[in-house]
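So the structure is just underneath, and the comments pick up after that.
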Amino acid sequence: QVQVVESGGGLVQAGESLTLSCSASGSIFSINTMGWYRQAPGKRRELVATITRSGSTTYLDSVKGRFTISRDNVKRTVYLQMNSLKPEDTAVYYCNVESVVTATRKEYGLWGQGTQVTVSS
């Protein structure tokens, strides 16, 4: 079974930085696009950033220039570096794996458990 685990959330003041990590483990041959979503209280879950296997990225307009998504295909890990954090960035952040190929099958739509990011003003 493939496991997706996030870490790195916490409580910070506005203007500070955090880096989130998400690692996929198990008998994995390849991982397709990975991304980060977030959901604030009372709000819909929104896509924050994505990164393809080859490193092409997309960003939510409100985080562009502040957040950077990256991945290490050897470590099977995706990162989200968040700089100049604002109170409106407060949310639970979820790692998503679009698909992963294992020894037996292709899995789709895998999610991490979520990690809380809280930014105080």
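Only a predicted model underlies this, so the values are computations on that prediction, with no experimental measurement involved. All values below were derived from every heavy atom in this structure, side-chain atoms included, with hydrogens, water molecules and symmetry-related copies excluded.
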Sequence neighbours left out, cut at 3.5 Å: what donor-acceptor pairs do the side chains of residues 12-20 make with other protein atoms?
residue: Glu16; atom: OE1; partner: Gln13; partner atom: N; Å: 3.0
residue: Ser17; atom: OG; partner: Asn83; partner atom: OD1; Å: 2.9

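- Here the side chains of Val5 and Cys22 are not in contact, with every heavy-atom distance at 4.5 Å or above.
- Counting side-chain heavy-atom gaps under 4.5 Å among Ile, Leu, Val, Met, Phe, Trp and Tyr, the cluster of Trp111 also holds Tyr37, Leu47, Val92, Tyr94.
- Remark: Thr118 engages Leu11, Thr90, Gln116 in a side-chain contact (heavy atoms from CB on, under 4.5 Å) (not counting sequence neighbours).
- Atoms CD and NZ, from Glu88 and Lys43 in turn, are 11.5 Å apart once rounded to the nearest 0.5 Å.
- Between Val78 and Trp36, some side-chain heavy-atom pair lies under the 4.5 Å cut-off.
- Within the structure, salt bridge (Lys or Arg N to Asp or Glu O under 4.0 Å) contacts touching residues 52-69 (residues at least two apart or in different chains) are Arg66-Asp89.
- The closest side-chain heavy-atom distance from Lys106 to Val100 is not below 4.5 Å.
- Grouping Ile, Leu, Val, Met, Phe, Trp and Tyr by side-chain contacts under 4.5 Å, direct or through others, puts Phe29 with Val101.
- No side-chain heavy atom of Gln39 sits less than 4.5 Å from a side-chain heavy atom of Arg44.
- Legend: residues meeting side-chain contact (heavy atoms from CB on, under 4.5 Å) with Ser7, ordered by chain and number and at least two apart, are Ser21.
- In the model, Thr77 has a side-chain atom that pairs as donor or acceptor with a side-chain atom of Ser23 under 3.5 Å.
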